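Working notes, structure below.
Computed from a predicted model, the values in this text were never measured in an experiment. Throughout, numbering of the chain's residues begins at 1 and tracks the sequence.
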Amino acid sequence: MKNYKLLTPGPLTTTETVKKEMMFDHCTWDDDYKQITQKIRSGLLRLAHVSPETYTAVLMQGSGSFGVESVLTSVIGADEELLIVTNGAYGERMIEIASHAGIRHEVYMEDYNRIPDAGKVRKILADHPELTHVAMVHSETTSGILNDIEEVAKVVKDAGKVMIADAMSSFGGVDIPVEDWGIDFLISSANKCIQGVPGFSFIIARKDLLEESAGKARSLSLDLYDQWKTMNVDGKWRFTSPTHTVLAFAKAMEELEAEGGIPARSRRYADNNRLLIEKMEEMGFEPYIRNKYQGPIITTFLYPEDCNFSFSEMYQYVKERGYAIYPGKVTEADTFRIGNIGEIYRADIDSLCSIIREFLEVKENER
Ligand SMILES: *Cc1c(COP(=O)(O)O)cnc(C)c1O
């Protein structure tokens, strides 16, 4: 099969060196392996700007949604209630998780192209004193919007509630001072901005709140507290761990540091994103998010006015020339998405946009 680079927001294109790490079948009970897990956990705390006295990192098997489900089903007790703040499909997934697990919840739903308003969250919390936890997505990968998690977390902390952030597609690519912003549980996964491969999610958790959650879990495999208790002894995973993914992730973390850490990576992503939007606009494509909240991770573009436009034709054309792009996910408009995270540089954006321009010319000439 012809190889291509991924312009999708995870899994994403990783380096050869990260992929090479997976050529080793590592033993799991061995000390070297447990040390790798411990090193990853402490490295994640540094990236989150939190101290190991107050926070801890837990790795959880499965994709990102498993991490979200683990937190929601482990830390919210039967007599507690969750406010889900949503403006996209990933926020809606939290509603589904809560519904499946029988977690009592309220929903504050905002339009996909608007960020949730911290003032409204304040009012809802004041009107509903029974609410104990608030969950919200940071970078809504559905649209590409970057929500103001800092403002919302401030309101949540003022009200004395627990703040849960799905920072799946932003952590590592956008700097998040987790403790300063008042985030109690942050969830992300191996195959997004740290640039590892799929296989586990990770949770940065306030230790005291995690300890308080003992016995609340509704699931055995996704029990966050139990996973932490085992892992915290010496780095041993509770059940079979995704060994190859863990090795690749450890390498990806070294490469993030070598690049210059989160500041350098977020600069590269933001550059890619700016260049992409500029060039797409030159060709007549309009971004769906038309305000300053367009995030640096992924961009949703509206289909052009031209009613002959076919996304699947463009997708094929672009894929045959080395890049995979993404269909849209917003409900009220015809859109497609282009991610700019992973091992992607300006040259890739230039090259992608030349291919798209060529595609438009070919279509124009066919008429
Ligand atoms: C990728 C992503 C998830 C998790 O998706 P999985 O397919 O389970 O890995 C959750 N939330 C957001 C915002 C995401 O971008």
If I compare all heavy atoms of [X] with all of [Y], which pair ends up nearest, and what's the gap?
| X | Y | answer |
| --- | --- | --- |
| Val174 | Pro296 | CG2-CG, 3.9 Å |
| Asn191 | Val197 | CB-C, 3.7 Å |
| Gly91 | Val137 | N-CG2, 3.7 Å |
| Thr142 | Thr300 | O-OG1, 3.5 Å |
| Pro287 | Glu281 | CD-OE2, 3.5 Å |
| Trp237 | Pro242 | CZ3-CD, 3.7 Å |

Please determine whether side-chain contact (heavy atoms from CB on, under 4.5 Å) holds for the pair Leu131 and Leu82, giving the CA-CA distance in whole Å, both sets of side-chain angles, and the decisive distance to 0.1 Å. CA-CA 6 Å; Leu131 290 165; Leu82 170 68; 5.9 Å; no

Regarding [X] and [Y], does a basic nitrogen lie under 4.0 Å from an acidic carboxylate oxygen?
| X | Y | result |
| --- | --- | --- |
| Asp184 | Lys157 | yes |
| Lys123 | Asp127 | yes |
| Lys216 | Glu80 | yes |
| Arg357 | Glu282 | yes |
| Glu151 | Lys154 | yes |
| Arg93 | Glu69 | no |
| Glu53 | Lys207 | no |
| Lys279 | Asp350 | yes |

May I ask you to check if Arg321 and Tyr317 form a cation-pi contact, with NZ or CZ under 6.0 angstrom from the six-membered ring centre and within 45° of the axis? yes

Report yes or no: is the cationic atom of Arg268 (NZ for Lys, CZ for Arg) closer than 6.0 Å to the six-membered ring centre of Tyr345, at no more than 45° off its axis? yes

Got more than 12 heavy atoms from elsewhere within 6.0 Å of [atom1], [X]?
| X | atom1 | result |
| --- | --- | --- |
| Glu366 | CD | yes |
| His100 | NE2 | no |
| Glu343 | CD | yes |

Within the distance-only criterion (no hydrogens, no angle test), does the side chain of [X] pair as donor or acceptor with the backbone N or O of [Y] below 3.5 angstrom?
| X | Y | result |
| --- | --- | --- |
| Ser42 | Lys39 | yes |
| Thr54 | Val50 | no |
| Gln61 | Phe239 | yes |

Hey, are the side chains of [X] and [Y] touching, using non-hydrogen atoms and a 4.5 Å cut-off?
| X | Y | value |
| --- | --- | --- |
| Ile298 | Tyr269 | no |
| His133 | Ile164 | yes |
| Phe311 | Ile325 | yes |
| Ser241 | Tyr33 | yes |
| Ile277 | Asn273 | yes |
| Leu47 | Asp175 | no |
| Ser213 | Leu224 | no |
| Phe309 | Met314 | yes |

Could you state the interatomic distance from [atom1] ([X]) to [atom2] ([Y]), rounded to the nearest 0.5 Å?
| X | Y | atom1 | atom2 | answer |
| --- | --- | --- | --- | --- |
| Arg41 | Trp228 | CZ | CH2 | 8.5 Å |
| Ile124 | Arg122 | CD1 | CZ | 12.5 Å |
| Thr132 | Glu81 | OG1 | CD | 7.5 Å |
| Ile84 | Asp166 | CD1 | CG | 11.5 Å |
| Leu12 | Leu6 | CG | CG | 7.0 Å |
| Met136 | Leu83 | CE | CG | 10.5 Å |

Audit row: Phe359, Ile355, side-chain contact (heavy atoms from CB on, under 4.5 Å) steps and yes/no: CA-CA 6 Å; Phe359 168 78; Ile355 297 165; 5.6 Å; no

Given the rule in the side-chain contact (heavy atoms from CB on, under 4.5 Å) test, do Ile203 and Leu186 qualify, once you have shown the distances and angles that lead to the verdict? CA-CA 6 Å; Ile203 294 104; Leu186 177 142; over 6 Å; no

Hey, can you pull the donor-acceptor pairs under 3.5 Å for the side chains in residues 18-28, sequence neighbours left out?
| residue | atom | partner | partner atom | Å |
| --- | --- | --- | --- | --- |
| Lys19 | NZ | Thr14 | O | 2.8 |
| Lys19 | NZ | Thr14 | OG1 | 3.3 |
| Asp25 | OD1 | His244 | NE2 | 2.9 |

Distance-only polar pair, side chains of [X] and [Y], donor-acceptor under 3.5 Å:
| X | Y | result |
| --- | --- | --- |
| Ser51 | Glu179 | no |
| Asn87 | Asp111 | no |
| Ser219 | Thr73 | no |
| Glu332 | Tyr288 | yes |

Is there a path of hydrophobic side-chain contacts, each under 4.5 Å between heavy atoms of I/L/V/M/F/W/Y residues, joining [Y] to [X]?
| X | Y | value |
| --- | --- | --- |
| Phe185 | Met163 | no |
| Ile76 | Phe66 | yes |
| Ile95 | Tyr108 | no |
| Ile262 | Ile187 | no |
| Met109 | Ile149 | no |

Determine, using ring centers only, whether Tyr326 and Tyr315 are less than 6.0 Å apart. no

Does the separation of the ring centres of Tyr323 and Tyr4 fall below 6.0 angstrom? no

Please step through side-chain hydrogen bond (donor to acceptor under 3.5 Å, both in side chains) for the pair Thr15 and Glu255, ending with a clear verdict. CA-CA 9 Å; Thr15 60; Glu255 293 184 1; 2.8 Å; yes

What residue among Gln38, Met231, Lys34 forms side-chain contact (heavy atoms from CB on, under 4.5 Å) with Lys236? Lys34

Which label fits Tyr303 and Phe336: parallel for a plane angle under 30°, tilted from 30 to 60°, or perpendicular past 60°? tilted

Yes or no on side-chain contact (heavy atoms from CB on, under 4.5 Å) for Phe301 and Leu276, after CA distance, side-chain angles and deciding distance? CA-CA 11 Å; Phe301 293 99; Leu276 172 72; 4.1 Å; yes

